[in-house]
Undergrad: 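Here it is, the structure in full.
Hydrogens, waters and symmetry mates are skipped; everything else that's a heavy atom, side chains included, is used. Since the model is a prediction, treat every value here as computed from it, not as a measurement. Throughout, a chain's letter reflects where its sequence line sits, starting with A, and its residues are numbered from 1.
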Amino acid sequence: MISFSAFLKRFLSDPVAIGAGIVLLVLVLMAVLAPLIAPQNPYDPLQLDIMDSEMPPAWKPGGDERFLLGTDAQGRGVLSTIMYGTGISLLIGVGAVIVQAVLGITLGLIAGYKGGWIDSFLMRLADIQLSLSTLMMAIIALALFSAAFDANTYADYAIIMLILVIGIAEWPKFARTVRSSVLGEKKKEYVDAARVIGLPARRIMWGHILPNTLTPVLVISTIQVAEAIMIEASLSFLGLGMPTDRPSLGSLIRSGFEFIFSGSWWITLFPALVLIALVLSLNLLGDWLRDVLNPKLRRGED
Amino acid sequence: MAMLEVQDLHVAFPRGKRDEVEALRGVNLHLEKGERLGVVGESGAGKSMLAFAILNLIADPGRVSGGRVMFHGENLLDLSERGIRGIRGNRISMIFQDPMVTLNPVLTIGTQMIETLKAHRKISDAEARKLCIERLKQVAIPSAESRMDAYPHELSGGLRQRVVIAIALLTDPELIIADEPTTALDVTIQAEIMALILKLCRENDVALILITHDLGVVAEVTERIMIMYAGLCVEEGRTQDIINAPRHPYTAGLLKALPQKAGRGQRLYQIPGSMPPITALPPGCAYNPRCEFAADRCRATIPPLAGGVACFHPLQEEEAAS
């Protein structure tokens, strides 16, 4: 384990980590504070004016200073939609990882600790799940869902559906990581000691082994948030994710893509840049975290 | 009726699909209330296996393949999972060899102690904490209150073993099984810890099974000794009798090998050969390839434990002295 002060020291001595951390912080703040700081509420039709549509960024000829990054076909400011869209992307990313983690940790812990046929069964299930591409599973599930319900119901439940679909499709990553850690931990003597004390298996699994396996879980959680955001963006780009009136970054890119050949490049470009910045900063932080928490790569001064 | 009576205990591990090898091949043991027994043998003789088998904690794929463990007339091997959990850590505690690895590295000392207590007693957190601090003081841990919130890596090896002992004593057990409790400690700490265990056992009238390969420690602490070799008890009796007049050639060899027995500048004695692995036991007495008295009979039949020794040619007193 690593103390918090050593952790902070490592963070402050790594320019890449600081950079990624600042970018992520800015994006998260921007998303959280969107209702307060966004110049416009893109969900409120009363604030939209079709006369404002497809305006270029403010510094281009024909731009309007009310819309710094221009507007889309419905007259929504690109900056405002990005602010709200980042929030939706993050919400889905974090939500999906929570679902993955709850499922994956529970099943991985049981598989690793119980062993035997339970282990074989759960891990074959994970293999099957992994051999089906997440995107394909999500497309099938969401296509069925959008066909089964009318557009309004779909719009209301799209966030929950995306979280569940991405969460369920990606649980094996957590399960495998936790299981392999548990296999290493359960041979250690503190587990024998806990059994000798007379603790029930449930307490040993959750109270004693799980806290010792959380380091790799923390690392994959970060990477998986980036992954979930990417999957959501892909689905939205294919028209199976967030509806256009509550757009995530992916649906923004999609809605702008139709106009890219008519010269309105800003509608697609800016959300795409934000998506790249978001995913890249999460991945860089995840890599950095993995290096810091890996005792084999740790330097002497910690 | 003895407090603990182990009868003809067998532990087996699978070898291949159908075959099994036995790690314990029929061990008998009895222990009265407050009595201290030393179990001595080389690594792999089955000492720790015996300790785990008593608590019915043989890990897969091993299993107890025969025998009984009677504790106050109740067979521990027949108890339900819930029933045996009420015995483990409550009426029978265990102390392990290496305190560096027996405490959970991510939980505080206090968390681990209170958890043990709450697993067996209906007790409030505040009361549990008070009792834990009291026990830490009993094992002579300085500033016990602040140690409750310490993590294991913040304590030295000796202190950690004291914590482990405090945990073992928490529930006022009737029996403590100590599996080489001082092997992993500094020599200077070893004597302190052993003296502490002895003192606490005496004060609280707790029985002790001390598993070790150190005959010196056994002589100081225990009242009776059981010598194990290749999954069997080869000699058993009062500590003083065995130390002064061993009857099994193996026991005699062990005693002769004590460094104190050799004079200055002299080579230390060594029993020739090594203990056979349980997968390749010789027929007859398992000790026969290393024994200078081995006869044809020793190579054919396993000598039964009779009169405290399992040997066809037990040493007489004058032989042992030589």
Undergrad: Assess whether a salt bridge exists between B:R160 and B:D98, defined as any Lys/Arg side-chain N lying under 4.0 Å from an Asp/Glu carboxylate O.
TA: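 No, no charged N to carboxylate O under 4.0 Å.
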Undergrad: Do B:S65 and B:E20 have side-chain N/O donor and acceptor atoms under 3.5 Å apart?
TA: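 Note: B:S65 and B:E20 side chains miss the donor-acceptor criterion.
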Undergrad: Is A:K188 salt-bridged to A:E185, cutoff N-O under 4.0 Å?
TA: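 Yes.
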Undergrad: Measuring heavy-atom distances to chain A, does B:E115 have an atom under 4.5 Å in its side chain, in its backbone, in both, or in neither?
TA: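 Contact with chain A: backbone and side chain both.
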Undergrad: Answer yes or no: is there an ion pair linking A:K187 with A:D192, defined by an N-O contact shorter than 4.0 Å?
TA: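 Here A:K187 does not pair with A:D192 in a salt bridge, since their nearest N and O are not under 4.0 Å apart.
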Undergrad: Quick one: which of A:A193, A:G116, A:P200 has the most heavy-atom pairs under 4.5 Å with chain B, could you say?
TA: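 Heavy-atom pairs under 4.5 Å are most numerous for A:P200.
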Undergrad: Just say parallel, tilted or perpendicular for the rings of A:H208 and A:Y190, cut-offs at 30° and 60°.
TA: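 A:H208 and A:Y190: parallel rings.
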Undergrad: Identify which one of A:Q100, A:Q224, A:Q129 satisfies the side chain to side chain donor-acceptor pair (under 3.5 Å) criterion when paired with A:E170.
TA: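 Checked A:Q100, A:Q224, A:Q129 against A:E170; only one passes side chain to side chain donor-acceptor pair (under 3.5 Å): A:Q224.
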Undergrad: Determine which residues belonging to residues 82-93 of chain B lie within contact range of chain A, meaning some heavy atom pair is under 4.5 Å apart, and list them by number or answer 'none'.
TA: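 B:R85, B:R88, B:G89, listed by number.
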Undergrad: Could you tell me which of B:H153, B:M100, B:Q112, B:M94 has the largest number of non-hydrogen atom pairs under 4.5 Å with chain A?
TA: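 Greatest number of close heavy-atom pairs with chain A: B:M94.
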Undergrad: Begin from the C-alpha positions of B:K118 and B:D125 and carry the test salt bridge (Lys or Arg N to Asp or Glu O under 4.0 Å) through to its verdict.
TA: CA-CA 8 Å; B:K118 294 194 96 170; B:D125 277 333; 2.9 Å; yes
Undergrad: Looking at A:R176 and A:D127, does any basic side-chain N land under 4.0 Å from a carboxylate oxygen?
TA: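 So A:R176 pairs with A:D127 through a salt bridge.
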Undergrad: Where on B:H120 is there a heavy atom nearer than 4.5 Å to chain A: the side chain, the backbone, both, or neither?
TA: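 It is the side chain, since no backbone atom gets that close.
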Undergrad: Could you check whether B:E134 pairs with B:K137 (Lys NZ or Arg NE/NH1/NH2 to Asp/Glu carboxylate O, under 4.0 Å)?
TA: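 No, no charged N to carboxylate O under 4.0 Å.
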Undergrad: Between B:L55 and chain A, with a heavy-atom cut-off of 4.5 Å, which part of the residue counts as in contact: side chain, backbone, both or neither?
TA: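 Side chain only.
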Undergrad: Taking every non-hydrogen pair under 4.5 Å, which of B:T102, B:I167, B:I95 racks up the most with chain A?
TA: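 If we count pairs closer than 4.5 Å to chain A, B:T102 comes out on top.
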Undergrad: Where on B:Y151 is there a heavy atom nearer than 4.5 Å to chain A: the side chain, the backbone, both, or neither?
TA: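 No part of it gets close to chain A.
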